[in-house]
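In what follows, a structure is listed as structure tokens, so that the remarks can point back to it.
Note on naming: letters A, B, ... go to the chains in the order of the sequence lines (proteins, then strands), and numbering restarts at 1 for each one. Computed from a predicted structure; not experimentally measured.
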2 protein chains.
Amino acid sequence: MDKINIKILAKELNLSTSTISRAFNGSSDINKDTKERILSIAREHSFLPNHYASNLRDKKTKTLAVIVPEIANDFFAQAINGIEEVARKHGFYILLYRTDDIFEKEVSFVNYLNNGKADGIIMSVSGEGNDHQYLNNLRQKNIPVVFFDRVYEDIEAATVTTNDYDSSFAATEHLLKSGCRKIAYLVVNKSISIGKTRMQGYVDALAKHKVPFNDELVIDCSNDEKVNTKILTKVLQEIKPDGIFSSVERLAFATYHVCNTLGVSIPNQLKVISFSSLNIAPLLSPALSTITQPAFEMGVKAATLFFEALENKDTNFPKRQHVLKSKLFIRKSAE
Amino acid sequence: MDKINIKILAKELNLSTSTISRAFNGSSDINKDTKERILSIAREHSFLPNHYASNLRDKKTKTLAVIVPEIANDFFAQAINGIEEVARKHGFYILLYRTDDIFEKEVSFVNYLNNGKADGIIMSVSGEGNDHQYLNNLRQKNIPVVFFDRVYEDIEAATVTTNDYDSSFAATEHLLKSGCRKIAYLVVNKSISIGKTRMQGYVDALAKHKVPFNDELVIDCSNDEKVNTKILTKVLQEIKPDGIFSSVERLAFATYHVCNTLGVSIPNQLKVISFSSLNIAPLLSPALSTITQPAFEMGVKAATLFFEALENKDTNFPKRQHVLKSKLFIRKSAE
DNA sequence: TTGTAGGCGTTATCAA
DNA sequence: TTGATAACGCCTACAA
């Protein structure tokens with residue numbers, strides 16, 4: 001109720017607003033006692049300098065925007081944790097936004113940020129759209145952008161990714177060595193860079209083992225669970241693959257569900273490996289074989305790159321490409 | 001780069017700043033053509049009014065702070081999704097903060113918000129500390145607070161919870177009816193209100209079935225996985241319960257792991273039911289029996305209450321207590 | 001329908 | 001060490 005600000009505090013203490021301000025900004029130009037006095041009274045009023053006013057002056061928001069396709073997903077949740085950890089150390093806070101993989105949402109949020117709402121952006125892109133110039137606007141305003149996991153190749157920015165190609169190659173090769181000859185590749189959006197890279201590993205592993213690539217085995221799924229169930233049911237019934245390599249955790253779960261329904265036995269009739277950051281993959285029935293990305297570390301790295309960019313504001317925009325390593329865990333589902 | 005603001009735009013268009021401002025605020029007091037002209041030029045410059053300046057004037061941030069103990073957790077992730085969904089409809093954005101169940105972090109963030117950083121707070125509390133008056137400071141500034149799932153009872157605020165007592169009672173009763181006589185109750189923090197409520201359901205179900213309550217069977221776990229593994233190993237080896245009722249998902253997973261290690265068979269030797277929002281609970285080995293809270297809906301409800309509070313600013317602070325229903329799913333782990 | 005002007009709360013600069 | 005003042009960018013009475 002009783003409005004409080006630096007001015008009122010100043011009057012109350014018989015000081016000037018500048019002195020009050022200094023008390024809050026670690027300025028050395030202030031008498032220790034005065035400072036104490038100010039802070040103690042401020043505490044009584046539970047007063048803190050208004051951020052919007054400070055930001056308006058300083059053009060610093062101490063806020064980092066994080067944009068992800070989904071939140072209820074182990075990979076992203078862990079990555080966000082990593083980002084938050086680093087942000088916190090720098091006294092930054094996280095403005096979180098979820099795109100649901102919808103391009104328009106991504107564009108609208110990025111544009112919204114384009115006005116001093118955040119000091120930077122860490123994002124995993126929706127993967128849609130062709131023209132991503134809206135991201136370059138940010139550059140003009142010195143708002144660093146860091147991509148993680150999912151990247152736009154037409155935008156120059158720091159990136160944090162994993163060795164997707166290698167992992168995919170290794171996973172596919174494992175399936176081949178285990179005897180699979182008809183391996184389906186599950187993907188959500190073929191056009192997205194990450195889907196392409198992972199698929200290339202799959203394709204090349206097939207080639208190495210002289211198993212012909214079959215376009216029919218590339219299953220383009222959707223974001224809708226029910227649709228996926230239908231698609232996968234059809235695949236398992238009609239195409240009858242003997243192996244599944246899923247580029248997305250969600251699709252592996254869907255596969256499990258469909259197998260349960262159809263009575264397809266994993267790994268006997270169908271071996272499954274999936275990209276997944278699920279901690280409890282070993283507890284599934286059967287234990288899911290995974291390519292596990294270092295989600296938390298990726299978040300940490302992305303945030304670190306962001307803060308580096310922030311500090312070098314005048315120099316060039318950072319274009320560091322950071323690649324972390326995923327791990328392949330072969331469990332029951334692919335034995 | 002080339003700085004841009006309402007003034008510069010005004011000069012460029014030979015208009016006044018007020019006219020420019022009006023173009024962005026759906027004001028009716030503006031010529032349609034003028035507006036078009038302004039917006040089109042603005043778009044060229046990818047200009048949007050600076051939020052910090054607007055906020056400074058309006059005292060509205062269009063930002064909603066969300067405070068949760070953890071992010072990488074299905075319950076909270078889904079709840080955040082629900083909150084975000086509603087927030088978005090109101091043109092609000094989410095400032096996310098994670099407390100790691102550490103009281104000091106909670107206090108420090110809440111205090112940080114106490115200065116016009118957000119228009120309101122939706123939180124699931126850390127559950128520590130005795131004095132939560134720092135939350136009342138917010139009330140004075142008309143920053144509505146909504147608790148969800150985890151609540152401080154000494155603070156008046158709108159709350160969204162689930163029928164924890166009933167669910168716990170039902171789950172315990174199920175275990176009893178299935179023949180369990182030595183049911184361990186797993187909890188992370190006994191003092192937290194939610195832990196108490198859930199425990200009461202457990203206690204009362206025991207009483208109803210004339211099974212004596214045994215303090216030794218209340219297992220107070222930690223936030224550290226390794227510690228929990230140790231604790232649970234000891235419990236399974238020494239106390240040898242025949243049922244587990246876990247108030248927290250995480251502890252159920254830990255139980256599974258320990259059972260795998262020790263070769264304890266679920267559900268033959270040990271039946272397990274847990275609070276959990278895990279979508280793939282049926283895919284676990286064995287399928288986990290859960291009390292599933294409507295996480296997404298809770299988020300939606302919490303956000304809805306928040307916006308109601310926001311609109312009734314002058315009237316009384318809302319103290320609505322909303323209770324949603326959880327569902328008990330008995331699966332293989334408790335059959 | 002458009003313009004003028006003052007102020008939102010803070011801080012940096014300069015002067016005392 | 002402290003104080004006065006201008007400025008950050010925007011919005012809204014009020015005036016024209």
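- Backbone-only engagement by S54(B) is indicated by non-hydrogen atom pairs under 4.0 Å involving sugar-phosphate atoms exclusively.
- The phosphate of dT11(C) (OP1 or OP2) has a side-chain N or O of S21(A) nearer than 4.0 angstrom.
- L64(A) and I121(A) make their closest contact through CD1-N, 4.0 Å (heavy atoms, listed as atom of the first residue, atom of the second, distance).
- Between K59(B) and the phosphate of dG9(C), there is a side-chain N or O to OP1/OP2 separation shorter than 4.0 Å.
- Counting any heavy atom pair closer than 4.0 Å across all strands shown, I20(B) reaches no nucleic acid atom.
- Taking a heavy-atom distance under 4.0 Å as the criterion, the stretch of DNA chain D touched by chain A extends 5' to 3' from dT1(D) to dG9(D).
- Across all strands, N55(B) comes closer than 4.0 Å to no nucleic acid atom at all (heavy-atom distances).
- Among the heavy atoms of the strands lying under 4.0 Å from N25(A) are primed sugar atoms or P, OP1, OP2 only; no base atom is included.
- No contact: D33(A) has no heavy atom under 4.0 Å from any strand.
- Heavy atoms of F24(A) sit nowhere under 4.0 angstrom from any nucleic acid atom.
- The phosphate of dT2(C) has OP1 or OP2 within less than 4.0 Å of a side-chain N or O from T34(B).
- Annotation: side chain of H132(A) is not in contact with side chain of V125(A) (no heavy-atom distance under 4.5 Å).
- For dG9(C), the base has no donor-acceptor partner in the side chain of R57(B) [N/O atoms by modelled type, under 3.5 angstrom].
- For a distance-only test at 3.5 Å, the side chain of T19(B) fails to qualify as a donor-acceptor partner of the base of dT1(C).
- When the P atom of dG6(C) is taken as reference, atom NZ of K7(B) falls 13 Å away, rounded to whole Å.
- Within 6.0 Å of the CD atom in E12(B), the count of heavy atoms belonging to other residues, nucleotides or ligands exceeds 12.
- Checked against a 6.0 Å centroid threshold, the rings of F92(A) and F307(A) count as neighbours.
- When heavy atoms are screened at a 4.0 angstrom cut-off, I6(B) is found touching the sugar-phosphate backbone but no base atom.
- When each of F47(A) and T17(B) is assigned the nucleotide of DNA chain C bearing its nearest heavy atom, the one mapping closer to the 5' terminus is T17(B).
- Nucleic acid contact class of I30(A) (heavy atoms, under 4.0 Å, all strands): sugar-phosphate only.
- Checking the phosphate oxygens (OP1, OP2) of dG3(C), a side-chain nitrogen or oxygen of S16(B) falls inside 4.0 Å.
- Rounded to whole Å, atom P of dT11(C) lies 12 Å from atom CG of L9(A).
- Ring centroid separation for the pair F24(A) and F47(A) comes in under the 6.0 Å cut-off.
- What separates CG of L48(A) from C1' of dT11(C) is a distance of 16 Å, to the nearest Å.
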ask   = Which is it for T19(A) and S16(A) under the side chain to side chain donor-acceptor pair (under 3.5 Å) test, yes or no, and what are the steps along the way?
value = CA-CA 5 Å; T19(A) 309; S16(A) 76; 3.2 Å; yes
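- In this structure, the side chains of Y52(B) and H51(A) stay at 4.5 Å or more apart for every pair of heavy atoms.
- Whole-Å rounding puts the D58(A) CG to dA12(C) C1' distance at 9 Å.
- As a whole-Å value, the separation of L15(B) CG from dT4(C) C1' is 14 Å.
- Residues E106(A) and Y134(A) form a side-chain contact, since some pair of their non-hydrogen atoms from C-beta on lies under 4.5 Å apart.
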